[in-house]
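To start, the structure itself, in structure tokens.
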Amino acid sequence: MIVTGAGDGIGQAVAFALARQGATVGLLGRTLRKLERSYDQIVKTGGPKPALLPFNLETASAVEYEALHDALDREFGRVDGLAHIAGILGVLSPIDHYDVPTWCKVIHVNLTASFLLTRTLLPLLRRSEDATVVFTSSGVARRGRAYWGAYSVSKFGTEGLMQVLADESEQTRIRANSLNPGPVRTAMRLQAFPAEDRNRLVEPAAVTAPYLFLLGPEGRGLNGMTFD
């Protein structure tokens with residue numbers, strides 16, 4: 001199972017939960033130090049030895065995506081699941097003031113990189129007997145909200161990417177779905193709502209069950225669906 005954003009937040013929590021279920025997890029993220037902490041915790045608690053996959057979704061080139069595919073192919077021969085959890089907020093700003101480079105960065109990290117990574121790993125997913133791709137959505141992907149700019153648009157695009165992949169995979173052993181985890185106590189949530197009472201928010205570990213459901217055998221038969 002490959003989990004993006006596995007160095008902290010929801011990605012880390014999902015990686016820990018998968019490891020507790022006996023999955024070998026590929027920890028993919030930008031910051032090696034954070035990934036190493038996730039790695040150490042999984043090993044410490046008796047989980048299968050995970051794979052460290054330092055990878056910058058913002059800057060990765062085609063060569064780096066190919067190298068990632070080749071490394072996973074050599075080490076594991078297949079990929080059973082891909083959880084797209086990494087993402088960035090950008091800024092909250094009206095459209096007429098939205099910084100163009102920030103817009104492009106958010107769209108790339110949240111949407112284009114998800115497409116590139118999925119496309120890269122599809123040959124390995126096809127080797128699985130039951131492959132699953134889970135995209136992380138948001139409440140602002142259901143209805144656009146003022147000032148959410150590129151983040152909202154990127155999540156609308158994520159829903160579209162999921163639906164296209166699901167439709168193309170309908171007659172295969174690959175299923176694709178999306179999940180909106182809701183308000184969670186993460187660094188991104190703090191960035192968006194700095195004055196919010198964080199004690200009212202759930203910890204990332206509290207939202208791992210639906211990810212495990214969609215990534216695991218109980219989710220068989222579900223394809224092209226969006227969950228809150």
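- With Arg198 contributing its side chain and Thr186 its backbone, the two residues share a donor-acceptor pair below 3.5 Å.
- A donor-acceptor contact shorter than 3.5 Å links the side chain of Thr208 to the backbone of Ala205.
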Does Arg173 form a salt bridge (Lys or Arg N to Asp or Glu O under 4.0 Å) with Asp130? I'd like the steps, not just the answer.
CA-CA 5 Å; Arg173 292 176 294 191; Asp130 178 33; over 6 Å; no
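- By the rule that hydrophobic residues join a cluster once side-chain heavy atoms approach within less than 4.5 Å of another member, Phe213 and Phe135 end up as members of separate clusters.
- With a 6.0 Å radius and a threshold of 12 heavy atoms from other residues, nucleotides or ligands, Phe156 has its CZ atom above the threshold.
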With side chain to side chain contact (heavy atoms under 4.5 Å, CB included) as the test, would you mind laying out the steps for Met188 and Tyr151 before giving the verdict?
CA-CA 11 Å; Met188 183 186 294; Tyr151 182 81; 3.8 Å; yes
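- Across all their heavy atoms, Ala15 and Ala6 have their closest contact at CB-CB, 4.4 Å.
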Apply the test side chain to side chain contact (heavy atoms under 4.5 Å, CB included) to residues Ser93 and Tyr147: give CA-CA distance (whole Å), side-chain angles for both, the deciding distance (0.1 Å), then the verdict.
CA-CA 5 Å; Ser93 169; Tyr147 313 122; 6.0 Å; no
Run the side chain to side chain contact (heavy atoms under 4.5 Å, CB included) test on Trp103 and Ile95 for me, step by step, so that the C-alpha distance in whole Å, both residues' side-chain angles and the decisive distance to 0.1 Å come before the verdict.
CA-CA 10 Å; Trp103 180 282; Ile95 293 295; 3.9 Å; yes
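- Between Thr136 and Ile10 there is no side-chain heavy-atom pair separated by less than 4.5 Å.
- At distances below 3.5 Å, not a single donor-acceptor pair connects side-chain atoms of Thr45 with backbone N or O atoms of Arg20.
- Note: Leu179 CG to Ile85 CD1 = 8.5 Å, rounded to the nearest 0.5 Å.
- Scanning for ring pair (Phe, Tyr, Trp, His ring centres under 6.0 Å) contacts around Phe193 gives Trp148, with sequence neighbours left out.
- Inspection of the Ser138 and Asn180 side chains reveals no N or O donor paired with an N or O acceptor under 3.5 Å.
- A donor-acceptor pair shorter than 3.5 Å can be found between the side chains of Thr226 and Ser178.
- Atom OG of residue Ser152 and atom CG of residue Asn110 lie 11.0 Å apart, to the nearest 0.5 angstrom.
- Crowding of Arg30 atom CZ: a count of heavy atoms from other residues, nucleotides or ligands under 6.0 Å not exceeding 12.
- Of all the heavy atoms in Ala17 and Leu212, the pair that sits closest is CB-CD1, 3.6 Å.
- Between Leu27 and Leu53 the shortest side-chain heavy-atom distance does not fall below 4.5 Å.
- At a threshold of 4.5 Å between non-hydrogen side-chain atoms, the residues Arg185 and Val202 do not count as touching.
- If you take CE on Met225 and CZ on Arg175, they are separated by 12.0 Å, rounding to the nearest 0.5 Å.
- By the 4.5 Å heavy-atom criterion applied to side chains, Val164 and Asp167 are not counted as neighbours.
- Between the CG atom in Leu124 and the CG atom in Leu82 there is a gap of 10.5 Å [rounded to 0.5 Å].
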Before you tell me yes or no, could you show the steps for Leu72 and Ile2 under side chain to side chain contact (heavy atoms under 4.5 Å, CB included), namely the whole-Å CA-CA distance, both residues' side-chain angles and the distance that decides it to 0.1 Å?
CA-CA 10 Å; Leu72 291 171; Ile2 308 301; 4.0 Å; yes
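- Residues Val91 and Asp99 are not in side-chain contact: their nearest non-hydrogen atoms beyond the backbone lie 4.5 Å or more apart.
- Between the CZ atom of Arg142 and the NZ atom of Lys155 there is a distance of 10.5 Å, given to the nearest 0.5 Å.
- The minimum heavy-atom distance between Val43 and Pro50, with the atom names listed, is CG2-CD, 3.9 Å.
- Taking a cutoff of 4.0 Å between a charged side-chain nitrogen and a carboxylate oxygen, Arg78 and Asp73 do not qualify as a salt bridge.
- Put simply, the side chain of Asn223 gets close to the backbone of Ala176: a donor and an acceptor are under 3.5 Å apart.
- Side-chain N or O atoms of Thr31 include none that pairs as donor or acceptor with a backbone N or O of Lys34 at under 3.5 Å.
- Heavy-atom contacts from other residues, nucleotides or ligands closer than 6.0 Å to CZ of Arg119 number 12 or fewer.
- Remark: the backbone N or O of Val109 is not paired with any side-chain donor or acceptor of Glu58 at under 3.5 angstrom.
- For the pair Val133/Leu165, a side-chain contact is recorded, criterion being any heavy-atom separation below 4.5 Å from C-beta on.
- Separation of the Phe55 and Tyr65 ring centroids falls under the 6.0 Å cut-off.
- Between Tyr98 and Thr102, the closest side-chain pair of non-hydrogen atoms falls below 4.5 Å.
- Using modelled atom types and a 3.5 Å distance limit, the side chains of Thr118 and His84 yield a donor-acceptor pair.
- Proximity of Val25 to Val14: side-chain heavy atoms (C-beta onward) are nowhere separated by under 4.5 Å.
- Remark: Lys105 NZ to Thr112 OG1 distance equals 14.0 Å, nearest 0.5 Å.
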